[in-house]
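Let me begin by presenting the structure, written as structure tokens, before commenting on it.
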Amino acid sequence: IQMTQSPSTLSASVGDRVTITCRASQSISYSLAWYQQKPGKAPKFLIYQASTLQSGVPSRFSGSGSGTEFTLTITSLQPDDFATYYCQQYNGYSRTFGQGTKVEIK
Amino acid sequence: EVHLVESGGTLVQPGGSLRLSCAASGFTFSSYSMNWVRQAPGKGLEWISYITVRSDTILYSDSVKGRFTISRDNAKNSVYLQMNSLRDEDTAVYYCAKDRGGGGLDYWGQGTLVTVSS
């Protein structure tokens, strides 16, 4: 299963609403997670089952979608949110990451 | 608090072998599946292997199938990655990651760097 994220890079300002899209090459139901990664650090788990927020993750993060199309939305972007975001599918006998979306300061 | 600590990364020549270890603490290791994920310099995340609690289901990405072997020792709270026939393109930071159970990787180690070069 191939995962395609768009855009690859996104320029935004503090306070902006940001949306990242992740598309699967075949239906994965709700079997999708989102991660945030900062340079030199391990990824941080944000969302599972497409829309369930991991404990401790700020409520400005949200996920939606099912089947083959998913979105990660950050309402009111904060300075700490500038990072690279990855989706990952975990359907069946494979786990695949998207190529990543870098959210940079405009 | 959950801790995952990888070790074993080093410089190795193409065609060589290496064994990575991941020591887990802060949770009941024998109750969770585990994963290895890697990240080549300047590139994205690549999932490479998964092992269930009793090692009865093991998965590999196509890029490492037949060359890498995942294993675990529940008595030692550790998961391992045996890497054989290493190639230049295996150069990466290797992370072990705990499966949430039901999907997603909820805890990650700090990573260990493997460099394959002559």
Side-chain angles (χ1 to χ4, degrees), chain A residues 1-9 20 22 24-25 28-57 61 63 65-66 70 72 83-103, chain B residues 1-7 9 20 22-24 26-27 32-52 56-65 68 70 81 92-113:
Chain A
I1 300 174
Q2 307 297 321
M3 306 300 293
T4 304
Q5 288 181 234
S6 60
S8 296
T9 306
I20 298 168
C22 178
S25 59
I28 58 171
S29 187
Y30 296 91
S31 301
L32 188 97
W34 289 96
Y35 304 85
Q36 175 194 70
Q37 188 181 34
K38 297 181 179 179
K41 300 293 185 181
K44 175 185 176 183
F45 184 47
L46 298 177
I47 286 170
Y48 60 95
Q49 284 301 98
S51 62
T52 303
L53 223 57
Q54 173 69 345
S55 176
V57 174
F61 290 90
S66 65
F70 303 85
L72 172 69
T84 300
Y85 293 84
Y86 295 91
C87 63
Q88 183 210 15
Q89 67 82 18
Y90 46 88
N91 184 264
Y93 291 102
S94 73
R95 281 103 175 90
T96 323
F97 286 94
Q99 81 279 16
T101 295
K102 184 177 181 180
V103 177
Chain B
E1 188 181 356
V2 173
H3 279 293
L4 297 169
V5 180
E6 302 94 338
S7 60
L20 304 183
C22 172
F27 66 102
Y32 291 93
S33 300
M34 296 295 293
N35 297 261
W36 286 97
V37 176
R38 69 183 180 184
Q39 187 168 37
K43 303 296 184 183
L45 301 172
E46 180 189 13
W47 169 83
I48 58 173
S49 192
Y50 164 89
I51 186 168
T52 50
D56 47 356
T57 297
I58 287 176
L59 306 176
Y60 298 101
S61 65
D62 288 344
S63 61
V64 306
K65 198 175 296 182
F68 290 11
I70 191 172
L81 188 68
V93 173
Y94 284 74
Y95 295 100
C96 71
K98 172 184 169 292
D99 216 85
R100 185 184 67 86
L105 309 181
D106 56 357
Y107 290 94
W108 297 61
Q110 84 290 346
T112 187
L113 177 62

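Any value given below was found using the heavy atoms of this structure, including those in side chains, with hydrogens, waters and symmetry copies removed. In the text below, chain A, chain B and the rest are named by the order of the sequence lines, each starting its count at 1.
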Can you tell me how far apart NZ (K98(B)) and CG (D106(B)) are? Round to the nearest 0.5 Å.
3.5 Å

Heavy-atom pairs under 4.5 Å with chain B, option from P39(A), A42(A), A33(A) with the top count
A42(A)

Within the distance-only criterion (no hydrogens, no angle test), does the side chain of Y107(B) pair as donor or acceptor with the backbone N or O of C96(B) below 3.5 angstrom?
no

Which atoms of Q37(A) approach chain B - backbone, side chain, both or neither, heavy atom under 4.5 Å
side chain

Here the pair of heavy atoms bringing L81(B) nearest to I48(B) is CD2-CD1, 3.7 Å

To the nearest 0.5 Å, atom CD of Q5(A) lies from atom CD of Q99(A) at 5.0 Å

Going by the salt bridge (Lys or Arg N to Asp or Glu O under 4.0 Å) test, which pairs reach into residues 29-53 of chain A, not counting sequence neighbours?
K38(A)-D80(A)

Chain A contact via L59(B) - which portion, at a heavy-atom distance below 4.5 Å
side chain

Identify which part of V93(B) has an atom lying under 4.5 Å from any heavy atom of chain A, answering side chain, backbone, both or neither.
neither

Do you know which of G104(B), G111(B), A97(B) has the most heavy-atom pairs with chain A at a distance under 4.5 angstrom?
G104(B)

Given heavy-atom pairs under 4.5 angstrom as the criterion, report whether the side chain, backbone, both or neither of Y50(B) touches chain A.
side chain

Minimal heavy-atom distance between L32(A) and C87(A), with the atoms involved, is CD1-CB, 4.1 Å

Is it the backbone or the side chain of Y93(A) that comes under 4.5 Å from a heavy atom of chain B, or both, or neither?
both

